[in-house]
Structure formats: structure tokens, C-alpha cells
Amino acid sequence: MSPRRTETGGRIDRLRTIRFTFDGASYTGHAGDTLASALLASGVTLFGRSFKYHRPRGLLTAGVEEPNALVTVLRGEVREPNIPATMVEIYDGLTAVSQNRFPSLAWDVSAVNQLGGKLLSAGFYYKTFMGPAIGPLKGTRFWMFCEHFIRRAAGLGRAGLAPDTARYGRMNAFCDVLVVGSGPAGLMAAKAAADQGARVILAELEPHFGGSANWSGETIDGMPAADWAARTAGQFEGHDNVRLLPRTTVWGYYDGNTLAALERVTDHKEIPGRGEPRHRYWAIRAKSVVLATGSFERPLVFPGNDRPGVMLAHAAERYANEYGVLPGERIALFTNNDSAYHSAVALKKAGAAIVAIIDVRPELSSEMRKLATKAEAEIFSGHAVVATEGGKALSGIKLQRFDMTSGALSGEARSVHADCLLMSGGWSPTIHLASQAGARAVWDAARQAFLPPKPTQRWIGAGAFTGSFSTTEAIAEGRAAGLSAAGGTNTQSTVPVGEAAPGDPDPAPVFEIKASGKSFVDFQHDVTAEDVRLAHREGFVSVEHLKRYTTLGMATDQGKSSNIPGLAIMAEALGKPIPEVGTTRFRPPFTAVSIGSLAAERFGDLKPERLTPMHDWHVANGATMYSAGLWYRPMIYGLAGETIEQAYVREAKATRESAGIVDVSTLGKIAVQGPDAAEFLDRVYTNMFSTLPVGKARYGLMLREDGIAFDDGTTWRLGEQDFLMTTTTANAGKVMQHLEYFLDVIWPELKVHVTSVTDQWAGAAIGGPKARAILATCVTGTAVDNAALPFMGIVHGKVAGVPVMICRLSFSGEMAFEVYCGAGYGTHVWEALIDAGKPFGLVTYGLEALGTLRIEKGHVTGAEIDGRTTARDLHLDWMLSKKKPFIGSAMMDREGLIAPDRLQLVGLISLDNRPLSGGAHVVEQLDEANPHDSIGHITACCYSPALGKYIALALVKGGKQRHGTRAYVSDPLRNRFGPIEIVSNHFFDPDGSRMHG
């Protein structure tokens with residue numbers, strides 16, 4: 001038998017022995033053990049080192065809130081750091097190591113940090129490393145000197161570099177009722193909802209359903225609570241309308257009753273089953289939610305409360321009743337409430353000696369005195385623990401008389417020999433999900449805890465979550481919540497009868513014992529009570545500032561045990577009640593979530609690959625593909641032996657001489673619809689759109705609020721209240737966000753709906769002198785001559801039997817048309833257009849030729865609309881309406897935006913007949929040895945088949961005034977220097993005769 005394993009009891013399978021290693025040493029446990037319970041059973045008390053002081057730390061809890069016992073689990077070369085040992089189910093071959101120590105857990109050289117004293121108090125980074133005012137390390141140099149050492153010391157577990165070979169999955173689920181938590185309240189809620197015929201999902205973060213019933217030692221319906229829970233959960237297996245999700249943490253509550261959950265599918269298995277993922281991410285959309293998430297026991301703050309062997313009382317009770325493990329042989333308890341007395345009885349029954357119960361309250365009820373007698377414990381009422389003794393394990397405690405009203409200590413300190421001290425500072429309902437759902441918690445003075453807020457979404461609370469800590473109350477509330485969530489009526493019927501345990505759940509309002517020594521509030525980040533008071537003295541009076549200055553509650557446990565004690569100490573320092581100080585809002589995730597589960601099957605790249613409907617055709621017909629933003633688009637359709645330049649020059653030249661076709665499906669397309677759609681577009685664009693006739697399109701420019709150019713594109717009026725906006729490929733998402741922001745926040749009164757339809761339309765642009773003739777041979781249902789389809793006109797017809805929408809517009813300077821059809825018919829229409837164009841010499845061209853055509857014409861794209869340029873810089877000031885305000889109009893005439901020496905769009909011609917490169921600088925005087933005095937830079941460049949020269953677009957200071965002058969290109973990184981001529985950006989057909997012809 002293990003040193004601390006009880007001979008009987010617990011819910012482990014004692015017939016199955018499991019072997020594992022921790023820090024290289026071999027241990028054994030039993031099926032059902034966690035790593036924490038198995039190590040504790042083997043006599044291990046030292047589990048980790050704290051973040052800052054590297055103090056020895058043991059187990060504090062038995063669940064997900066554990067701040068101390070963090071380990072790294074190894075699977076081959078893959079490391080998974082910062083996992084609470086309390087949440088690791090052991091399996092044969094499990095390998096775990098401690099972390100944040102060197103050279104070993106027992107002998108950690110960084111423990112010398114404990115001698116740092118006040119030097120390492122809260123905010124020491126900000127104060128210590130600011131640097132001296134004089135000397136070689138003045139200012140930030142001292143910080144830069146120290147940064148290397150700080151970064152080496154920072155962190156807890158070490159992430160691995162080996163690729164994660166595990167599989168991950170994701171699921172979308174819909175239900176009538178989601179029940180979170182499967183204690184007595186959650187089980188009753190699920191049963192009541194299921195009996196009403198509702199579709200129910202029951203999620204439980206532990207491996208077994210039942211919650212506290214598995215270790216409370218109570219009876220329900222005359223049987224052990226654990227057996228009742230197992231029987232109730234077993235009944236669900238026959239229900240088609242109930243889905244059970246063990247080992248599943250619901251970690252986020254979002255709008256629309258959408259909740260996120262993580263299912264740990266195979267973390268407890270040596271070898272996953274075939275096809276099983278390691279984790280599965282669940283997106284659950286529920287009509288109603290029942291939150292039965294229970295509560296966390298709080299620690300008390302006193303000197304030495306972090307020593308290994310100091311543990312929460314109900315954690316010790318759980319180790320004894322669920323795992324058959326005693327946390328110590330001689331146990332003392334320190335409490336401010338009645339619940340610890342039940343723990344004392346349970347541990348006595350399991351075989352421990354209860355040497356003392358120290359209670360801050362001077363008066364105790366007769367029921368509690370009877371329980372203490374049953375536990376054979378000496379009672380020290382009106383006393384407090386003021387110190388603990390020992391090194392890497394507890395050897396004793398010191399206690400003193402305590403005045404609960406004033407907080408004063410008196411009398412001589414008394415020593416008690418104990419190898420385990422259990423503390424209970426009251427209970428905090430686990431209201432994280434309710435807080436995430438959108439409301440602020442409510443302080444309850446009796447419970448000395450924050451209770452859930454009034455719901456802003458469709459959720460109902462039950463059990464300890466609401467502050468109802470008795471099993472009888474939990475059962476009743478759970479049943480009522482389940483019926484209400486399922487739309488049923490709470491009728492009189494037989495409900496399970498729970499054992500009514502004596503005692504008052506309300507704690508005394510005592511959170512800290514002020515005595516000499518470090519008293520820890522946040523165990524993982526080494527935040528002490530004095531750190532909280534220091535934050536107050538230095539002016540950090542907001543709870544949000546307190547959190548950030550001290551790092552209280554910012555560790556992996558997210559303040560589950562430290563939040564309330566920290567707030568109480570801050571409130572006392574401010575001289576205010578706790579509710580006036582407030583509490584930080586809880587943010588998702590509730591516990592750590594693996595990145596693999598969020599990505600699920602989508603891995604291998606940092607971004608998704610978006611393919612146009614014609615992608616396979618491009619590949620099959622020799623296109624060289626490359627990524628343009630998130631999309632894959634053809635670069636060239638190269639012939640054998642052609643270089644990239646030769647290919648795009650051939651494609652662009654053929655388009656100018658006959659016709660070319662290009663895939664433009666990637667352009668952003670947004671449907672703008674509603675009675676106020678035209679008014680909305682007038683406000684969004686710099687030019688007027690309310691005057692646009694139905695069946696016509698118009699080129700538009702958008703500015704940011706600060707007057708800087710944002711995006712350009714055409715918008716088509718398909719009906720009086722129906723517009724189709726097109727955007728640049730790269731800015732499609734940003735423009736959609738821009739529109740939604742102004743509709744939701746600035747102009748909510750406008751009756752407009754915007755919908756991204758980019759993926760619904762396939763598009764092909766066909767341009768060149770023969771483009772109209774090609775369309776005339778294959779388009780039916782409409783004419784395409786100049787009368788039916790003038791410049792910027794829109795017609796509807798068919799190509800190869802498929803409905804299409806055609807707009808005559810051009811970015812190439814040639815007569816051109818954009819042909820749109822449903823995405824599913826994209827390839828069909830594309831091939832029909834190509835077949836129709838073969839007799840006319842139609843060529844397909846890619847992005848390189850597309851860029852060449854637009855540079856020759858002087859059109860701008862994202863390279864020029866780079867977040868720094870204005871409409872005037874780009875010679876688009878003719879689009880700035882003087883008849884109406886628009887987004888950016890109030891800011892666009894600021895002095896700095898109309899200065900004469902601003903960078904302006906120009907054209908460049910290479911005078912040495914050598915290629916130009918994007919990003920190269922333009923200078924007035926060439927100095928290859930010391931490049932300087934840049935007057936601008938190249939934004940886009942190509943070889944122009946229309947001009948027979950290398951040309952470029954550039955942004956140059958005072959650009960318009962420099963037309964016809966000479967300068968130099970200076971590109972030291974690519975060793976390219978040479979003469980250039982600055983010209984108009986309109987290289988080709990500046991009057992637009994070819995486009996309008």
C-alpha cells in the first residue's frame with residue numbers, strides 16, 4: 001500500500017495498477033487517479049516552484065483551479081506545458097516533468113530570489129530596470145542589458161519545438177438545452193429537460209458525471225450520492241435526445257447563446273483509438289442554457305499559507321473520498337465557516353488524525369462542536385494561524401488568539417505539530433460564463449461572494465452557482481431550471497431527497513490574518529497581501545489597474561482562488577466595501593484551450609487557401625499560380641521556354657491588339673440593399689451615388705475618417721434599393737468591416753443591409769479592341785452594342801444558357817466588359833467565352849499582364865492606396881464632391897494633407913533601358929556610396945509593350961511639378977542605380993479614346 005493510500009474507499013480501480021514517471025522517477029497509481037492524487041498517494045508533497053520567488057509549492061486544490069502543481073506532459077518529442085496535475089488522468093507510460101526549476105525541483109538555484117525582499121515586490125520591473133540617469137547604462141540601456149536575463153527567467157513551462165502529430169477535430173451542435181456542470185443540480189436539470197422531450201447536451205469537465213456527489217460523502221435517495229449520480233447519468237444513455245460530453249470544458253459564452261467547449265478525447269489514453277482526435281472543439285448553439293457550474297473554495301491569506309502541505313479543505317476531502325488518498329497523517333484545519341467541519345469528519349473517517357480546528361469565529365454552533373467532537377479534534381475558536389513551519393513539507397503551525405472585529409492578534413503564539421493544514425475561506429460561485437454572457441456580477445454580503453448577474457441572454461442558474469450550497473437546494477433548483485429551460489411547468493412531483501447537512505454556508509468576513517511574514521494571495525504569480533497594499537499606496541485604485549500592476553489573477557488559473565481575497569484586501573486599503581471596489585469581468589477562455597483544437601482539421605498553413613471557381617481550369621491550362629492576399633490567382637500562362645517577363649509582355653500586347661480575358665472573381669463584392677442604401681453610399685463614397693440611374697455603374701472612392709484614401713472600386717445600381725459594390729481584392733474584408741461599423745455604431749437609424757457576396761459570383765473581365773465582337777457571338781437575350789451597353793452600363797443576358805450580368809467598364813484602358821455569373825457556373829461561362837474568342841485571337845492573361853495594363857493606364861491599386869495617400873496625392877480630387885459631406889470630408893483638408901511637397905503619383909521611364917524595382921527610392925542627386933535625400937519611391941513597375949520601355953508608377957514629392965524632369969533611381973539593396981524621367985502617370989491613351997471608342 002502506498003504511504004498515504006487508504007486501505008479502502010475512493011472510486012479508483014484498485015485492481016488496475018498504472019505505471020508512470022514524474023521527473024524521471026517511476027511511480028504507480030490506479031485507474032481513476034489523477035497525476036496529483038497518484039503522486040500524493042506516493043508521499044510526494046513538492047510539485048512545483050512559484051513564478052517569481054521559486055518558492056516550493058505543493059497541491060492547493062483537486063481541480064481545474066489548481067495554481068501550484070503545473071507540469072509538462074511529454075509524448076515523444078512533443079511537450080505540453082502548464083497543465084495542472086489535478087487534471088491529468090494517469091495512463092500506462094505517462095511521462096510528466098515539473099517546470100520552472102533548475103537544476104531540479106528539490107534544489108532550485110533560483111530560490112535565491114526569496115532573498116530579494118522588497119526589491120522583487122509588485123512593479124519591480126517598472127522601477128528596477130529604468131536605468132541610472134548617468135553612466136554607460138543610462139536610460140533604456142540598462143533595461144536592454146537586463147532583458148536577456150529576464151526573458152530567460154520568465155515563464156513557467158517550456159514550449160516544445162517538435163511538430164504536434166496529434167489530430168484535432170471540431171463539431172457544431174444545436175440543442176434546446178445545454179446544461180453546463182453535472183453535479184446534483186446539473187443532473188436534475190438535464191433529466192427534467194430531457195423528460196420534456198427537449199434536445200439536451202450535458203457537458204462535464206471531469207471524466208465522470210456527478211460533480212461534488214462523487215466525493216461529498218452525502219446520501220441522496222438513501223444511497224451514496226456518488227451511486228445516485230452514476231445511476232442518473234446512466235439513465236441518459238438510453239435517451240436519443242441527450243448527448244453526454246464528459247471531459248468537456250465549456251470555456252466561452254458568446255452572443256446569440258453560442259458557447260464554445262473543449263472535449264479532451266484522448267488525453268487519458270496511452271494510444272488513441274483509430275481516427276480519434278486528441279481534442280475536439282465544440283461550437284454549441286443552444287436555445288437555453290442551464291449553468292450549474294458549482295463553486296470554488298477560497299484560501300485564507302496568512303503568513304506561510306503557500307507551504308507544501310497547506311491545502312484547501314474540500315480538496316483534501318475529495319482526495320480522501322474520491323481517490324482514497326490522505327493529504328497528511330496529522331491534519332489541522334483553519335476556517336471562517338462551517339463547511340470545514342464536515343471535511344474534518346470525512347478525513348477522520350478515512351483514517352487521518354485531526355489535531356486541531358482553528359476557527360476565527362469566537363462563537364460556534366452546537367452542531368459544529370458535535371462534528372469537531374466526532375472528528376476528535378481540539379477546537380481553537382477565536383484563533384488564527386499566524387505562521388507555518390517546515391521546508392519542502394509542512395511540519396507545524398503557529399496560532400494566536402484573534403479578534404475577528406478588529407483583526408488584532410493577542411497572547412502568546414502556540415505551536416501545533418501537523419504535516420497538513422487545511423484552510424477554508426468560504427466559497428465563490430463559478431460565475432465566469434454568466435459574466436462572459438454580458439453582465440456584471442452582484443455582491444452578496446451574506447455569502448461574502450459575487451453571485452451571478454441578472455441574465456442578459458437565455459440562461460438559468462442552479463445550485464452552488466447561485467449561492468445555494470446545500471444538496472437539497474441544488475436538486476430543487478436544478479429540476480426547476482431544467483423545466484424552465486425546456487418550456488415545461490414546475491409541477492408537484494417526487495424529487496430526490498438529499499441529506500440535509502448541518503451548518504451555515506455563510507463565512508465570517510475574514511480574508512486575511514495580518515502577521516509577520518509573506519502572506520500570498522495569488523500563489524502562482526507570488527502576489528502577496530503587501531503587494532496589493534503597495535498598489536494602493538502607489539495610486540492603483542481601480543481593480544483593473546490592481547490586476548495589471550500586481551499581476552493578481554493573471555496566472556494560468558485566472559484568479560479562480562485569488563480574486564476575492566485580493567479584492568477584499570484592496571477594499572480594506574481603500575476604506576470601501578467590496579462591491580464599491582468591484583470586480584474584473586471574466587473573459588474567455590475559462591481554462592486553457594489548445595490552439596490545435598481551434599484550428600482543428602485546418603492546419604499546415606497560417607492562412608486559408610481561397611480558390612476561384614475557375615482555379616482547376618487555370619492549373620490544367622498551364623497557369624503559374626501564386627497567392628495574392630488570401631486568393632490563389634494565375635501569374636502567367638507561360639509557353640515553353642518563356643520567362644515571366646516574356647509571358648506577361650506577350651499577354652498584355654495581345655490584349656491591346658485583339659482581346660484578353662482575366663479571372664476577376666476575387667474582387668470584393670458586397671450587396672448594399674434597403675430604403676436608405678443610396679443615402680448610405682453618398683456618405684461612404686466621396687462622390688455621389690444617389691443620382692446613379694438603375695442599370696448603370698459608377699467608379700467610387702472611399703476615405704478613412706482621417707481623410708486618407710481607403711479603397712476604390714465600382715458600384716452598380718441593380719434596382720432602386722439594390723446596389724452591388726465591388727472592392728479591391730485585398731480590401732474586401734476591411735471594407736465590409738468599415739461599412740458594418742458605420743451602420744451599427746454611427747448611423748444605426750439607416751435602413752440598410754450589407755451582405756458579402758464575393759464567393760457567390762464568378763467574374764471574368766474581357767477587354768481589347770475585339771472584346772465587343774466576341775461578346776456579340778456568345779451572349780443571348782441582350783444586345784451588347786454601344787446603344788444597349790454604353791460605358792458603365794449594365795445588361796442581363798445569357799452565355800451558354802447561363803444567366804449573366806455584364807457591365808462595361810475598364811481598368812486596362814481598352815474597351816472592356818466584366819461578366820458575372822453564379823459561382824457554380826464560373827468555369828462553364830469562362831470556357832464559353834474563350835471558345836467564342838478563339839477566332840478573334842483572344843488570350844488568357846494573369847496578374848502580371850493585368851498589372852502591366854493598369855500601370856500603362858496609370859490606375860491606382862493598394863500599392864498606391866497604402867494608408868498614407870490622399871485623393872489629391874493620387875490625382876483623384878475630381879471625385880471629391882462639393883455638394884455633400886462624406887466620411888473623411890471633415891479631415892481631408894488639414895494643413896498636412898494639402899501641403900505642396902506631399903508625395904504625389906507620377907510615372908517613371910527608365911532611361912538606361914534596365915528594369916525598375918518596387919520599393920526603390922527616387923533621388924535628385926545620385927550617390928551610390930552614401931544613398932540619401934529620397935524624394936519618393938516606386939510603387940509598381942513593369943516592361944511596357946505599348947511603349948517598348950521599362951516604366952513605373954511612383955510617389956514623389958511635388959510630383960506634378962516634376963513632369964518632364966530627370967532624376968535617378970537609387971536601390972542599394974539590389975545595387976540598382978540609374979537615370980529616369982518623371983512623367984505623367986497616364987502613359988497610354990490618356991484621353992481614353994480606346995476605352996470609350
Side-chain angles (χ1 to χ4, degrees), residues 2-6 9-12 33-47 57-69 84-87 211-212 214-218 226 294-300 305-359 371-372 374-377 385 388 390 393-397 416 418-427 501 503 523 561:
S2 298
R4 292 189 174 180
R5 183 79 75 180
T6 59
R11 297 179 60 78
I12 55 173
D33 265 325
T34 64
L35 179 60
S37 66
L39 289 174
L40 190 63
S42 298
V44 175
T45 57
L46 180 61
F47 280 76
R57 293 283 166 80
L59 291 170
L60 180 68
T61 75
V64 70
E65 71 273 30
E66 175 59 37
N68 291 339
T86 52
M87 298 301 293
S212 63
N214 287 324
W215 52 267
S216 66
E218 297 176 330
S295 59
F296 293 126
E297 191 172 23
R298 298 193 296 256
L300 288 162
N305 62 341
D306 68 323
R307 198 177 303 280
V310 181
M311 185 185 296
L312 293 176
H314 277 66
E317 184 178 351
R318 181 177 178 184
Y319 283 117
N321 287 346
E322 187 167 3
Y323 303 109
V325 178
L326 292 177
E329 296 178 359
R330 292 178 55 83
I331 298 176
L333 292 95
F334 180 29
T335 185
N336 66 1
N337 65 89
D338 288 352
S339 64
Y341 290 81
H342 298 278
S343 298
V345 172
L347 291 162
K348 175 64 179 178
K349 183 179 179 181
I354 309 301
V355 297
I357 298 178
I358 302 99
D359 198 320
L371 290 177
K374 188 175 181 180
E376 300 180 6
V385 176
T388 61
L394 185 72
S395 61
I397 62 173
V416 175
D419 61 359
C420 180
L421 173 63
L422 308 181
M423 53 183 172
S424 179
W427 296 85
F523 289 81
S561 61

*Asks:* Considering non-hydrogen atoms only, spot the tightest contact between Pro308 and Leu46 and give its length.
*Replies:*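 Answer, listing the atom of Pro308 first, then Leu46: CG-CD1, 4.4 Å.
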*Asks:* Can you sort out the partners of Trp427 under side-chain hydrogen bond (donor to acceptor under 3.5 Å, both in side chains), two or more places apart, ordered by chain and number?
*Replies:*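 Testing Trp427 for side-chain hydrogen bond (donor to acceptor under 3.5 Å, both in side chains), a comparison that skips the adjacent residues, returns Ser339.
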*Asks:* Asp419 side chain to Glu329 main-chain N or O, any donor-acceptor pair under 3.5 Å?
*Replies:*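 Checked: pair present.
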*Asks:* Of the non-hydrogen atoms in Ala372 and Ile357, which two are nearest, and what is the gap between them?
*Replies:* CB-CD1, 4.1 Å
*Asks:* Run the salt-bridge test on Asp33 and Arg11 with the 4.0 Å N-O cut-off and return the result as yes or no.
*Replies:* no
*Asks:* To the nearest 0.5 Å, what is the distance between CZ on Arg298 and OG on Ser424?
*Replies:*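 Answer rounded to 0.5 Å: 9.0 Å.
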*Asks:* What's the shortest heavy-atom distance between Pro299 and Ser561, and which atoms?
*Replies:*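 Shortest heavy-atom contact: CD-O, 3.3 Å.
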*Asks:* Are any side-chain N or O atoms of Asn321 and backbone N or O atoms of Trp215, one a donor and one an acceptor, separated by less than 3.5 Å?
*Replies:*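 Checking the backbone N and O of Trp215 against the side chain of Asn321, a donor-acceptor pair under 3.5 Å is found.
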*Asks:* Kindly say whether Ala393 contributes a backbone atom to a donor-acceptor pair with the side chain of Thr45 at under 3.5 angstrom?
*Replies:* no
*Asks:* Could you give me the CA-CA distance, side-chain angles and deciding distance for Val345 and Ile354, then say whether side chain to side chain contact (heavy atoms under 4.5 Å, CB included) is met?
*Replies:* CA-CA 9 Å; Val345 172; Ile354 309 301; over 6 Å; no
*Asks:* Could you tell me whether a side-chain N or O of Asn68 sits under 3.5 Å from a main-chain N or O of Gly58, the two making a donor and an acceptor?
*Replies:* yes
*Asks:* Hey, does Leu40 have a side-chain heavy atom less than 4.5 Å from the side chain of Arg4?
*Replies:* yes
*Asks:* I want to check something: taking the side chain as every heavy atom from C-beta on, are Ile12 and Val325 in contact at a cut-off of under 4.5 Å?
*Replies:*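 No. Closest side-chain heavy atoms not under 4.5 Å.
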*Asks:* If the condition is side-chain hydrogen bond (donor to acceptor under 3.5 Å, both in side chains), which residues does Glu376 pass it with, not counting sequence neighbours?
*Replies:*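 Per chain and number, Glu376 pairs via side-chain hydrogen bond (donor to acceptor under 3.5 Å, both in side chains) with Lys348.
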*Asks:* Are the side chains of Phe47 and Thr86 in contact, using a 4.5 Å heavy-atom criterion?
*Replies:* no
*Asks:* When rounded to the nearest 0.5 angstrom, what is the spacing between CG in Leu421 and CG in Asn305?
*Replies:* 9.0 Å
*Asks:* For the residue pair Thr34 and Tyr323, what are the closest heavy atoms and their distance?
*Replies:* CG2-OH, 3.5 Å
*Asks:* Would you confirm whether Glu66, through its side chain, and Thr61, through its main-chain N or O, come within 3.5 Å as a donor-acceptor pair?
*Replies:*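 Yes; judged by distance alone, with no hydrogens or angles, the pair exists.
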*Asks:* Can you find a heavy atom in the side chain of Tyr341 that is under 4.5 Å from one in the side chain of Lys374?
*Replies:* no
*Asks:* Ignoring hydrogens, what is the shortest heavy-atom contact between Leu347 and Pro327? Give both atom names and the distance.
*Replies:* CD2-CD, 4.0 Å
*Asks:* Do Leu422 and Leu312 make a side-chain contact, defined as non-hydrogen atoms from C-beta onward lying under 4.5 Å apart?
*Replies:*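 No, every pair of side-chain atoms sits at 4.5 Å or beyond.
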*Asks:* Can you name the nearest heavy-atom pair linking Leu333 to Ala340, along with the distance?
*Replies:*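 Where Leu333 meets Ala340 most closely, the heavy atoms are CD2-O, 3.3 Å.
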*Asks:* Mark yes or no for whether Arg307, through its side chain, and Thr388, through its backbone, hold a donor-acceptor pair below 3.5 Å.
*Replies:*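 It does hold such a pair.
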*Asks:* Go through the steps to decide whether Asn336 and Leu300 satisfy the test side chain to side chain contact (heavy atoms under 4.5 Å, CB included), and finish with yes or no.
*Replies:* CA-CA 9 Å; Asn336 66 1; Leu300 288 162; 4.0 Å; yes
*Asks:* Using side-chain heavy atoms (C-beta onward) and a distance below 4.5 Å, is Met423 in contact with Leu60?
*Replies:* yes
*Asks:* Under 3.5 Å, is there a donor on one side chain and an acceptor on the other for Thr335 and Asp359?
*Replies:* no
*Asks:* In chain order, what residues pass the ring pair (Phe, Tyr, Trp, His ring centres under 6.0 Å) check against Phe296, with sequence neighbours excluded?
*Replies:*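 By the ring pair (Phe, Tyr, Trp, His ring centres under 6.0 Å) rule, Phe296 matches no residue at all.
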*Asks:* State the CZ-CD distance between Arg318 and Glu297, to the nearest 0.5 angstrom.
*Replies:*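 Arg318 atom CZ to Glu297 atom CD measures 12.5 Å (nearest 0.5 Å).
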*Asks:* Roughly how far apart are Glu65 CD and Met87 CE, rounded to 0.5 Å?
*Replies:* 9.0 Å
